[in-house]
A.B. asks: 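Handing you a structure now.
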Amino acid sequence: MNPGHEQQPPQQPQPGFAQPPPQQPGFAQPGQPPQQPGQPPQQPHAPVDTPPPGYQQAHAAVDARPGYPADKAFALGEGRSWAHISKRFTWQRRISVLLTAVPVGLIGALVVFRGGGTLAMILWAAAILLAVVLAWIVAELAYRSYGYAERGDDLIVMQGVFVKRLIVVPYGRMQFVDVTANLLERWMGIATVRMHTAAAATDAQIPGLPSAEAAQLRDRLAQKGEERSMGL
């Protein structure tokens, strides 16, 4: 131990200052309700977070956003939800539009250039480009519009971009179910399931289904149709 550094004795409480007594059961700290004997000490409650001003009004405005009253006619009810098609359906439609627009645009540009000059060809190219853009937008809307649901006695198919249509196909009325796919659909791995009935107006199709899902849906519909037709 170095000289000049001596161990200091422990500090004693100064006279006139008393240590706070420990909390005894049954006694509460100031500002807290009294505790009952045998109960654990109560912890102070954390402050409750209150929503900022305008929170409830904003959510009320979102919930009250306007909708189409006719959409109630397309509701499934009973806690059911629509099954949607594959996103590859959109790109299949868009690629088909490009495969059609390119040759039509080139041939039309050649004919228009011979008859009207450069200005007419530019206007023709702008018209083709605008048609392709609109077709791409409609392809996305068509993908969102398609939906189907399998119920106990029938299959419901919803489709339509500008005019929404809902088709109810009873299993007992189906004559046969077929699956089709062109070269582009086969390359993209999707197919179309068609349900044929005695009345052509009630025929329905579900495009853009993955190949495995289309095969499973075909088998289920064929089995349900056979069971319902035997019960008639």
Side-chain angles (χ1 to χ4, degrees), residues 62 65-76 81-150 155-169 176-197 200-218 221:
V62 171
R65 58 182 179 271
Y68 294 100
D71 288 343
K72 297 180 181 179
F74 302 92
L76 286 176
S81 59
W82 292 103
H84 297 282
I85 60 178
S86 174
K87 181 66 176 179
R88 285 172 284 183
F89 169 81
T90 303
W91 289 104
Q92 183 264 333
R93 286 286 186 91
R94 290 175 175 177
I95 295 176
S96 299
V97 169
L98 289 179
L99 294 177
T100 304
V102 170
V104 171
L106 292 177
I107 296 175
L110 180 61
V111 174
V112 170
F113 177 74
R114 289 181 176 181
T118 305
L119 179 60
M121 187 180 66
I122 293 176
L123 294 177
W124 171 257
I128 292 294
L129 181 60
L130 179 60
V132 170
V133 171
L134 293 178
W136 277 45
I137 296 175
V138 172
E140 176 66 22
L141 297 177
Y143 157 73
R144 298 182 182 184
S145 67
Y146 267 101
Y148 68 97
E150 299 178 57
L155 175 74
I156 300 180
V157 180
M158 182 179 63
Q159 61 185 14
V161 176
F162 302 104
V163 178
K164 185 175 290 189
R165 183 185 181 191
L166 188 143
I167 306 173
V168 180
V169 183
F176 64 95
V177 181
D178 69 300
V179 180
T180 59
N182 56 29
L183 291 177
L184 182 58
E185 290 174 335
R186 291 167 59 187
W187 177 71
M188 301 186 68
I190 57 178
T192 300
V193 178
R194 287 185 174 87
M195 287 73 66
H196 299 271
T197 61
T202 57
D203 290 352
Q205 64 177 4
I206 307 175
L209 290 177
S211 300
E213 185 177 346
Q216 295 175 2
L217 179 62
R218 175 204 61 197
L221 294 177

A.B. asks: Which pair of heavy atoms, one from Ser81 and one from Ala149, lies closest together, and at what distance?
C.D. replies: O-CB, 4.3 Å
A.B. asks: What distance separates Trp187 CH2 from Asn182 CG, expressed to the nearest 0.5 Å?
C.D. replies: 12.0 Å
A.B. asks: When rounded to the nearest 0.5 angstrom, what is the spacing between CZ in Phe162 and OG in Ser145?
C.D. replies: 10.0 Å
A.B. asks: Compare every heavy atom of Ala204 with every heavy atom of Val169, then report the nearest pair and how far apart it is.
C.D. replies: CG2-CB, 3.9 Å
A.B. asks: Who are the side-chain hydrogen bond (donor to acceptor under 3.5 Å, both in side chains) partners of Thr180, not counting sequence neighbours?
C.D. replies: Arg194
A.B. asks: Can you check whether Thr197's main-chain N or O pairs, donor with acceptor, with Asp203's side chain at less than 3.5 Å?
C.D. replies: yes
A.B. asks: Given side chains that start at C-beta, do those of Val138 and Arg93 come closer than 4.5 Å, heavy atoms only?
C.D. replies: no
A.B. asks: Run the numbers on Arg144 and Thr90 for side chain to side chain contact (heavy atoms under 4.5 Å, CB included), then give the verdict.
C.D. replies: CA-CA 9 Å; Arg144 298 182 182 184; Thr90 303; over 6 Å; no
A.B. asks: Quick one, Val157 and Leu166 - any side-chain contact, counting heavy atoms below 4.5 Å?
C.D. replies: no
A.B. asks: Would you mind writing out the side-chain donor-acceptor pairs for residues 103-125 within the sub-3.5 Å range, not counting sequence neighbours?
C.D. replies:
residue	atom	partner	partner atom	Å
Trp124	NE1	Gly105	O	3.1

A.B. asks: With a 4.5 Å cut-off on side-chain heavy atoms, are Leu221 and Met195 touching?
C.D. replies: yes
A.B. asks: Take Ile156 and Ile167, measure what side chain to side chain contact (heavy atoms under 4.5 Å, CB included) needs, and give me the verdict at the end.
C.D. replies: CA-CA 6 Å; Ile156 300 180; Ile167 306 173; over 6 Å; no
A.B. asks: To the nearest 0.5 Å, how far apart are CG in Leu209 and CZ in Arg218?
C.D. replies: 12.0 Å
A.B. asks: Atom CD in Glu150, atom CG in Leu217: separation rounded to 0.5 Å?
C.D. replies: 5.5 Å
A.B. asks: Taking the side chain as every heavy atom from C-beta outward, state whether Met158 and Arg165 have any pair of such atoms under 4.5 Å apart.
C.D. replies: no
A.B. asks: Roughly how far apart are Glu213 CD and Ile85 CD1, rounded to 0.5 Å?
C.D. replies: 10.0 Å
A.B. asks: Under the ring pair (Phe, Tyr, Trp, His ring centres under 6.0 Å) rule, collect the residues that match up with Phe89, sequence neighbours excluded.
C.D. replies: Tyr146
A.B. asks: Determine whether Asp178 and Phe176 make a side-chain contact, defined as any pair of heavy atoms from C-beta on separated by less than 4.5 Å.
C.D. replies: yes
A.B. asks: Using side chain to side chain contact (heavy atoms under 4.5 Å, CB included) as the criterion, list what pairs up with Leu141, not counting sequence neighbours.
C.D. replies: Ile137, Val161
A.B. asks: May I have all residue pairs that pass salt bridge (Lys or Arg N to Asp or Glu O under 4.0 Å) and include part of residues 81-92, sequence neighbours excluded?
C.D. replies: Lys87-Glu140
A.B. asks: As a quick check of understanding, evaluate side chain to side chain contact (heavy atoms under 4.5 Å, CB included) for Val179 and Thr192, giving each step before the final call.
C.D. replies: CA-CA 6 Å; Val179 180; Thr192 300; over 6 Å; no
A.B. asks: Rounded to the nearest 0.5 Å, how far does CZ of Arg186 lie from CG of Leu183?
C.D. replies: 6.0 Å
A.B. asks: In sequence, state the C-alpha distance, the side-chain angles, and the governing distance for Ile190 and Ser211, and then conclude on side chain to side chain contact (heavy atoms under 4.5 Å, CB included).
C.D. replies: CA-CA 5 Å; Ile190 57 178; Ser211 300; 5.8 Å; no
A.B. asks: Not counting sequence neighbours, which residues clear side-chain hydrogen bond (donor to acceptor under 3.5 Å, both in side chains) with Tyr143? List them please.
C.D. replies: none
